[in-house]
There are 2 protein chains.
Amino acid sequence: MARPKDADPEQTRATILDAAEDEFADRGFHGTRMVAIAKRAGVTHGLLHYYFDSKDRLYEQVVGRLFGRHRDLFERLTCGGNSLTPRDLVLESFDLFWAHPNQVRIMLWEMASGDDRVERSMKAFYDAMAIALSTLTADTPRTSEPGRDPRDVYVSILGALVVYFFRDPAIKQLFGANRFSDEDRKRRRAHMAALLDLLL
Amino acid sequence: MARPKDADPEQTRATILDAAEDEFADRGFHGTRMVAIAKRAGVTHGLLHYYFDSKDRLYEQVVGRLFGRHRDLFERLTCGGNSLTPRDLVLESFDLFWAHPNQVRIMLWEMASGDDRVERSMKAFYDAMAIALSTLTADTPRTSEPGRDPRDVYVSILGALVVYFFRDPAIKQLFGANRFSDEDRKRRRAHMAALLDLLL
DNA sequence: TCTGTTACTAACAGGCTTGTGAATAATCTA
DNA sequence: TAGATTATTCACAAGCCTGTTAGTAACAGA
């Protein structure tokens, strides 16, 4: 049938975006099939092209939506001339990742591929990291101690920040069934804060 | 032409495995094409099937070879009843990753996908991590302090350990052209050691 | 009520990718 | 030296995936 009574293009569009986000996060760009997205969204795959033209465009939209949230967060944090401290960056990002785990997972696929398909979308995130890094370099007195290069500190924190969200079986097993529970969130967040205290 | 004078099946097999390893590390399982591997190895793609049957089998072989090296390392470290300390695990793994960066990159693809296609191959690595974790849990007195759950410590170290090898543009930019130089290796290794001192 | 537009499906075309099979040349063995 | 074996290529089959196109039902405006 075509055009059911309650047809709402914006709703359909969002449903497709959601389905695409899940599929891309699960299987990466090359691993996802347009028909799989369509099936998840409950439509035929022709409709994906009707709304989003091509697979590449759809992916861009998905990534853009995810990283747009991050960009908004950074703008909020730095509005009124506030400087973005590394601590803010990390803990706020943690909260955002928790709310939108697909973002980390798509980041992970991108970090694995290393090509700059979505470089423009992730630019805001990278820029924010660069700002935080410069703060880090300026504020950290232990810069010249061995093993204390701020770049290394920064990369390690980044690793600790994102790795928790990976779907790796070993990590999954480690935290068991109540992973991603609220209690879990509190514990991991406290750990990240403690890590920042140690390293910054 | 068929069968050139210097034909050496073991050599050809290794060449194909090397090419496949590079391609899979670059583009992940779904992103790599058999013909691309063949081209890289300087053979036709029919030959890949002659040696390795299917794409899946070839991938298994690649992963098996990489993680086999890791398993050998662990066996060496624990031979003669030595216990595998977390410190050993991390620093030795660092050296191994440095020698075989494709391993981390393929691990990354696997961690992204989260499915257990290669679970059997990675089992040795996971088991070693589990052993190290139990040591960590037993030896670390600060277990009950907030933010000091040994599982979190362990996951953060894992993140810091692998993230450096990612091909992410931001990280690439951070360390510039002399990344993966010997000087770079020393600095990062020292950082990992310092991180272990702080966290363990 | 008629006509045009919009959201949507079904079917298909074309290209790409994996895998197969026949052919071939170099080497090994009898 | 003849026949078997092995390593390799070439060409092709079959299926899969993306993207296109024609058609259709509901609704909107005149």
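In what follows, every chain begins at residue 1, and chains take the letters A, B, ... in the order their sequences are listed. Note: hydrogens, waters and symmetry copies are ignored here, and every other heavy atom, side chains too, is used.
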Is there a side-chain contact between A:N102 and A:F24, using heavy atoms and a 4.5 Å cut-off?
no
Which nucleotide in C:dT18, D:dG19, C:dA10 has an atom nearest any side-chain atom of A:S54
D:dG19
Which nucleotide, D:dT8, C:dG19, C:dA11, lies nearest any side-chain atom of B:L47?
D:dT8
Rounded off to whole Å, could you give me the [atom1]-to-[atom2] distance for the [X] and [N] pair?
X     : N      : atom1 : atom2 : answer
B:D53 : C:dG19 : CG    : C1'   : 9 Å
A:F52 : D:dG19 : CZ    : P     : 14 Å
A:F29 : D:dT18 : CZ    : C1'   : 10 Å
A:E10 : C:dA7  : CD    : C1'   : 13 Å
A:Q11 : C:dC8  : CD    : C1'   : 16 Å
A:H45 : D:dT18 : NE2   : P     : 8 Å
B:K55 : C:dG19 : NZ    : P     : 8 Å
A:L48 : C:dC8  : CG    : P     : 11 Å

List the atom of B:A160, the atom of B:M192, and the distance in Å for their closest heavy-atom pair.
O-SD, 3.9 Å
Would you say C:dC8 has OP1 or OP2 under 4.0 Å from some side-chain N or O of A:T12?
yes
With a 4.0 Å cutoff (strictly under), does any side-chain N or O of B:Y50 reach OP1 or OP2 of D:dT8?
no
Tell me which of A:V43 and B:H49 sits closer to the 5' end of DNA chain C, going by the nucleotide each one is nearest to.
A:V43
Reading DNA chain D from 5' onward, which residue's closest nucleotide shows up sooner: B:P9 or B:G46?
B:P9
Any chance the rings of B:F97 and B:H70 have centres within less than 6.0 Å?
yes
Short side-chain to backbone donor-acceptor contact, A:H191 and B:G147, under 3.5 Å
yes
Should the pair A:R189 and A:Y164 be classed as cation-pi, given the thresholds of under 6.0 Å to the six-membered ring centre and 45° from the axis?
no
Is there a residue in residues 32-40 of chain A whose heavy atoms reach under 4.0 Å of DNA chain D, and which residues are they?
A:T32, A:R33, A:M34
With a sphere of 6.0 Å drawn around CD of B:E75, does it hold more than 12 non-hydrogen atoms of other residues, nucleotides or ligands?
yes
Does a side-chain N-to-carboxylate-O contact under 4.0 Å join A:D26 and A:R40?
yes
Which part of the nucleic acid does A:Y51 contact within heavy-atom distance under 4.0 Å: base, sugar-phosphate only, or nothing?
sugar-phosphate
